[in-house]
Each structure stands twice: as structure tokens, then as C-alpha cells.
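Sequence lines set the chain letters: A, B, ... in the order given, protein chains first and strands last, and positions in each chain run from 1. Just so we're clear, the structure is a prediction, and the values are computed from it rather than from any experiment.
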Protein chains: 2
Amino acid sequence: MSQLEVLPLFPRHELLHQVEARGIRLTAQRRALIETIQEATTHLDAESLLKQACEREPGINRATVYRTIELLKKLGMIDELDLMHLDGEKHYYEVRTKQDHLHLACFECGKIIEFATPAFERLKQEIAAANQFEIQVIRLEAGGLCGACAAKQKKHLQ
Amino acid sequence: MSQLEVLPLFPRHELLHQVEARGIRLTAQRRALIETIQEATTHLDAESLLKQACEREPGINRATVYRTIELLKKLGMIDELDLMHLDGEKHYYEVRTKQDHLHLACFECGKIIEFATPAFERLKQEIAAANQFEIQVIRLEAGGLCGACAAKQKKHLQ
DNA sequence: GTATTTGCAAAAGCTTTGCTGCAAC
DNA sequence: GTTGCAGCAAAGCTTTTGCAAATAC
């Protein structure tokens, strides 16, 4: 387990473009990091992000990775995920999408499924209204068994 | 910030009783830990749990805390929360309730609000059905501003 | 020349583990 | 006499930080 699979991500904005549109000047390293997040085909943790960004721009340091992530979080342009701590205490990052979506993590095979539905949006509204709470970030994660692994398990139990 | 406030928890089952009902024999230390979780008036992290349990049964060790938490998690009797990393990377623990509920964390004052609604239950069903996913654990957390802090902020901006 | 950004290494924080000795049945 | 639990200290991981050197404008 714990090897996160390749999976399709939701369509993402032009992250790099948006950052620069705010008048923020970026170094080559930060640009490489942002492009890597933007074009990632999996959810990246800091270490994977570092490695992949280094292919574009060698010699990036861990500290720079974390400092860039901090910047993007402050700008509200990326979300931080735990993915149910499927693989330890790492954080994973993804470009924030227009519509919030949730993550399902299979405890068996490590697959991550993304899902969006109007019901989630409505729930958000209800939560905010009922508690007079101004939601800035919302995170819905579930852990369990994906269809394939649930089927396999039933087979074995027979 | 970061001082988690006292807050009412949802009604909890007889955790200790349930554990023993499974034929699991408990030491005095583990019993003290479980009772502490059961009767907590805030969300406890490992360190607070240790301190409070030591008032019942002195001399408990960190390792014992983590090993007991592990047991309860395996039994599916407690849930692990991040509370939006309001105060670092700690985990918080609470007795699992019949009805899933969500947590709202105020970034300003650190208040944690708990909330349950049928809409959340329905969303769970929809998620499971749409993705053929067998949900074992689900965690919905939001961060933002509670009513009081949002009001304060608006006042200051005027 | 001033303001940022980087690199490096060390520190920090929470959690886990190995191992020895102790206690329970 | 087995089996499991506790205690202790060390290690493990991810993330953060301080500071000096380098870079950009």
C-alpha cells in the first residue's frame, strides 16, 4: 500500500498565471515549483514536489519548497490535504478548484478518488448558515474500501 | 489563539463499557485513559490525555497513551481529528458518535463548533453510491471565522 | 544599497519502536 | 511458564527556523 496511484485531477486554473497576475514576482525555482503543482498528475507531498520540481530547475532546497507552499496557501490558491493519513503525516497539495470536491482514500490499495456534487455545496451553505460561521477552507475526506478492493475482500471471505 | 476552548461534546456511548464488553481485559492505566477520553469536555490531544489520565492513575507513560489510542482506533471506537491543524500537527481524539458530525474551527479564537445534520448523512450515502466506495471513516472539517470573530473583524474594518 | 530569496544545518514537534523487565493468569 | 503490558530512551518523520551568503532591482 501507500504508493499513491496516478489519478486524474479536476481541471485546474492557470495557477502560475494567477500568481503572477497579482504582481508577485517569482524566481525560477518558485516558478518551477508552481508549474509542478499545476501539472501534477498525482497529489504531491513536499518531498515529491521537491523531486519533480528539481527536474525542471535543479538544486531546489527543501526550505524553498515549504516557503513556496506557504505563499500559495496564504494566497488561497492551493489546498492542503491529509488524505486520511494513508501514508503517514505528510501533507498533500492541490490547486484549489472552483467547486469544492472531496477525497476518498482506499485503505487497501491507496487509490484516491475525487468527487464533487451539488449536495456538498448545499451542505456548505447549510453549515455556514446554521452556525453563523464564515467558511474559508473546507475539507471532506473519507477512508474505506474502493469498489475493487471491497469486491476482492468479499470474494476472499466466501 | 490556539488554546482550544471548552465545548460541549455530542453524547457519547459508554466507551469503557463497550471495550470491556468485547472481552478485552484492561489494566488500570488503560482504564484511566479510556475514562478520560469518555469524560473529556474538550477535544484531547495525546499530551492532554496523558496529563488528565495521570490525575486518575499516576505514572502513565507516553507510549502507553499512544498504544491505547491505537487499540481504540482499531476497534473503531474513537475518531482521530486534525481540527484544521489549528495548533500544529497534533491529533485530537473523540468517542465515535452514532451520527457523524463535523467540526468548524475558528482561525481567530480557536473555538471548535460541532454540528450534525441529516444533509451530511445523505451526502455520505450519495458519495458511497456514486463511487461504489465503502466508507469506513469520514471526516469533514472547516476552518474560518466564527460569528463573533467575523463580527469583530467587520467592526474593525469600518 | 535595500529588500528578498536561498542554502544549510539544526531544531522542533508529534509519534513510533526496540528492548528489558514486570505483572497477570 | 507464557503471554502481554509498561517504562524508558532513542529514533523517525515531516516541517520550521536562524542566519549568513547570494541575488535581484
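Checked against Leu16(A) for a side chain to side chain contact (heavy atoms under 4.5 Å, CB included), the options Glu35(A), Arg30(A), Glu39(A) give a single hit: Glu35(A).
In this structure, the CG atom of Asp82(B) is 13 Å from the P atom of dC14(C), given to the nearest Å. We find that CZ of Arg31(B) is positioned 12 Å from P of dA24(C), with the value rounded to whole Å. In this entry the distance linking CD1 of Ile60(A) with C1' of dT5(C) reads 13 Å, nearest Å. Taking atom CG on Leu50(B) and atom C1' on dC8(D), their separation rounds to 14 Å, with Å as the unit. Going from atom NZ of Lys51(B) over to atom P of dC14(C) covers 11 Å, rounded to whole Å. With rounding to whole Å, Asn61(A) atom CG is found 14 Å from dT16(D) atom P. As a whole-Å value, the separation of Arg30(B) CZ from dA24(C) P is 14 Å. In this structure, His85(B) places its NE2 atom 14 Å from P of dT14(D), rounding to the nearest Å.
Remark: His91(B) is not in phosphate contact with dC14(C), judged by side-chain N or O atoms under 4.0 Å from OP1 or OP2. Under 4.0 angstrom from either OP1 or OP2 of dT6(C) there lies at least one side-chain N or O belonging to Thr27(A).
Side-chain proximity of Arg25(A) to the nucleotides dA6(D), dT5(C), dC25(D) is greatest for dC25(D). Listed nucleotides dG7(C), dG7(D), dT15(D) differ in distance to Gln29(B); the shortest reach to its side chain belongs to dG7(D). Of the candidate nucleotides dC14(C), dG7(C), dT15(C), dC14(C) has the atom nearest to the side chain of Lys90(B).
Side-chain contact between Ile112(B) and Tyr92(B): absent, with no pair of heavy atoms (C-beta onward) separated by less than 4.5 Å.
Under a 4.0 Å N-O distance rule, the pair Glu57(A)/Arg31(A) does not qualify as a salt bridge.
Residue Glu47(A) is classed as having no contact, given no heavy-atom separation below 4.0 Å to the nucleic acid.
Within a heavy-atom distance below 4.0 Å of DNA chain C, the residues of residues 63-73 of chain A found are Ala63(A), Thr64(A), Arg67(A).
Note on residues 53-86 of chain B: pairs passing ring-ring contact (aromatic ring centres under 6.0 Å, His included), not counting sequence neighbours, are His91(A)-His85(B).
A donor-acceptor contact closer than 3.5 angstrom links the side chains of Glu94(B) and His43(B).
Arg139(B) places no side-chain N or O within 3.5 Å of a backbone atom of Gly143(A) that could act as its donor or acceptor partner.
Atom CD of Gln132(A) has 12 or fewer neighbouring heavy atoms from other residues, nucleotides or ligands inside a 6.0 Å radius.
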